[in-house]
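One structure is given here, and the rest of the page talks about it.
Please read these numbers as outputs of a predicted model, since none were measured by experiment. Any value given below was found using the heavy atoms of this structure, including those in side chains, with hydrogens, waters and symmetry copies removed.
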Amino acid sequence: MDTAERYRRFAAMEARGHSPTYERLTDAIAGAPDLLVLIDQLPPARRQPNLLLAAVRFLGGPVDDPAAFRAWVLAHWDRVRATMLERRTQTNEPGRCSVLLPVLARLPRPLALIEVGASAGLCLYPDRYRYRYDGGAAFGPSDSAVVLDCDTTGAAPLPDRLPEVVWRAGVDLNPLDVADPQDARWLECLVWPEQHQRLGRLRDAMRIARAEPPTLVRGDLNETIRDLVAAAPAGATPVVLHSAVLAYLPDGEREAFAATMRELGCPWISNEAPGILPAVDRRLPPGPRPDRLLFTLALNERPLARTGPHGQYLEWLPAAAAS
């Protein structure tokens, strides 16, 4: 699709119902030829609506009014362009731990967590957050300010205890440091304007990561994953996990990663959109085609559940409950 259609679809299918501000802006961008010409000068991977909107907010530009947004971007395009080329859409949503937890809690403990596409590593702290499923009582560390809410359907194996994590490591092409004010601000700008609860949760999670920084490696996931698994402490179960990451890889690199994970044989938890891991899609139970805005949670390519992209929803699959 061309850039105008991409922004229209973002407005109608992603922002609608979640961010009126971004719905208005991206719909207006789709009808602004002068902005589209500038966006089309960027590499295809850098034309994402999320990236443009976050870059403008990061630079202090207006997002409340489409006309003011357009005028500001045209006047400051060199700075916007530079930010879009330097930064990435590294949304680091700790809420995703609520859908990872039922899988992590069933693995042999203690765990050595390894996240690919880790951003700042905020999903490496499932044992440091509190959880509330279906509006029930929250459980987890009593001193944690982070409470993750998740609605469930199906026979989800909700845990009665948290995993024991003894090591946290991640890899990213551009790892973010929550102790760096600019990196922390970028993470905040990736949260959509009306999502105040997510923003507060992000800030609380960053405080946890600042107090106990993870090991973050700069590099390509295919070039580093073997070394990271080998570096896990003796006696711990190495667990590789990722969420909304593999979509940014070409098909060949995705398959290379999947082949490596099959060879390594350690627990591999994926939480990705439909069409990203063909082996997972083939094993989904019969039924309607999965909504592209829902992810599929899988363990070693065996689908377990459909999930909300920010961990707000967990639909455990019947086949997973029976196995």
Side-chain angles (χ1 to χ4, degrees), residues 18-19 21-22 50 53-54 57-58 87-105 111 113-115 117-152 158-159 161-170 172 174-216 241-245 269 271 295 307-314:
H18 300 284
S19 174
T21 296
Y22 277 6
N50 274 332
L53 299 171
R57 294 175 65 199
F58 184 73
R87 296 282 179 174
R88 299 172 183 268
T89 51
Q90 294 174 277
T91 303
N92 204 184
E93 177 49 66
R96 290 170 179 156
C97 285
S98 63
V99 300
L100 301 175
L101 185 67
V103 186
L104 292 171
L111 305 181
L113 298 185
I114 303 160
E115 185 178 13
S119 186
L122 301 184
C123 287
L124 289 168
Y125 297 85
D127 57 328
R128 297 290 189 262
Y129 304 148
R130 290 174 61 78
Y131 301 85
R132 183 164 47 220
Y133 291 98
D134 301 316
F139 65 96
S142 59
D143 59 346
S144 178
V146 179
V147 180
L148 307 180
D149 285 288
C150 180
D151 294 326
T152 74
L158 300 181
R161 63 177 184 173
L162 298 182
E164 178 189 357
V165 180
V166 295
W167 194 64
R168 311 166 206 274
D172 200 286
N174 181 41
L176 300 180
D177 180 1
V178 294
D180 181 316
Q182 291 295 91
D183 281 356
R185 174 168 164 72
W186 178 248
L187 286 170
E188 292 179 359
C189 289
L190 288 168
V191 177
W192 295 3
E194 294 85 357
Q195 298 176 345
H196 305 297
Q197 182 180 12
R198 281 188 64 212
L199 180 60
R201 186 168 66 195
L202 173 72
R203 288 170 173 165
D204 288 335
M206 287 196 290
R207 292 187 188 97
I208 291 173
R210 289 188 193 107
E212 185 186 349
T215 298
L216 295 179
L241 57 89
H242 54 86
S243 186
V245 169
I269 303 173
N271 189 42
F295 294 172
T307 70
H310 297 143
Q312 70 273 42
Y313 174 69
L314 176 68

Please confirm whether the backbone N or O of [Y] pairs with a side-chain atom of [X], one donor and one acceptor, at under 3.5 Å?
X    : Y    : value
D177 : A179 : yes
D172 : S119 : yes
W186 : R88  : yes
R57  : C189 : yes
Q90  : N174 : yes
E194 : T21  : yes

I want to check something: taking the side chain as every heavy atom from C-beta on, are [X] and [Y] in contact at a cut-off of under 4.5 Å?
X    : Y    : result
P159 : F139 : yes
P102 : T152 : no
L202 : E188 : yes
L100 : P126 : no
W192 : T91  : no

Any idea which heavy atoms bring [X] and [Y] closest together, and the distance?
X    : Y    : value
P214 : L124 : CB-CD1, 3.9 Å
L122 : A205 : CD2-O, 3.8 Å
V245 : G117 : CG2-O, 3.7 Å
V99  : C150 : CG1-SG, 4.3 Å

- Query: Mind checking whether Y131 and Y133 have parallel, tilted or perpendicular rings, split at 30° and 60°?
  - Reply: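 Ring orientation of Y131 relative to Y133: parallel.
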
- Please lay out, stage by stage, how D149 and R201 fare under the test salt bridge (Lys or Arg N to Asp or Glu O under 4.0 Å). CA-CA 11 Å; D149 285 288; R201 186 168 66 195; over 6 Å; no

- Worked verdict on R128 versus R168 for side chain to side chain contact (heavy atoms under 4.5 Å, CB included): CA-CA 12 Å; R128 297 290 189 262; R168 311 166 206 274; 3.3 Å; yes

- Let me see the working for R210 and D180 under salt bridge (Lys or Arg N to Asp or Glu O under 4.0 Å), right down to the final yes or no. CA-CA 10 Å; R210 289 188 193 107; D180 181 316; over 6 Å; no

- May I ask you to check whether over 12 heavy atoms, not counting those of Q197, lie within 6.0 Å of atom CD?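 Not buried by this count: 12 neighbours or fewer within 6.0 Å.
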
Just verifying a value: how many Å separate [X] [atom1] and [Y] [atom2], rounded to the nearest 0.5 Å?
X    : Y    : atom1 : atom2 : result
R198 : Q312 : CZ    : CD    : 8.5 Å
I114 : I269 : CD1   : CD1   : 11.5 Å
R96  : S243 : CZ    : OG    : 4.0 Å
L53  : L190 : CG    : CG    : 10.5 Å
L101 : L162 : CG    : CG    : 6.0 Å
D127 : L113 : CG    : CG    : 7.5 Å

- Task: Evaluate side chain to side chain contact (heavy atoms under 4.5 Å, CB included) for R203 paired with V146, printing each intermediate quantity in order.
- Result: CA-CA 9 Å; R203 288 170 173 165; V146 179; over 6 Å; no

- Run the numbers on L176 and M206 for side chain to side chain contact (heavy atoms under 4.5 Å, CB included), then give the verdict. CA-CA 11 Å; L176 300 180; M206 287 196 290; over 6 Å; no

- Message: One pair to check against side chain to side chain contact (heavy atoms under 4.5 Å, CB included): L314 and S98. What are the steps and the verdict?
- Response: CA-CA 9 Å; L314 176 68; S98 63; over 6 Å; no

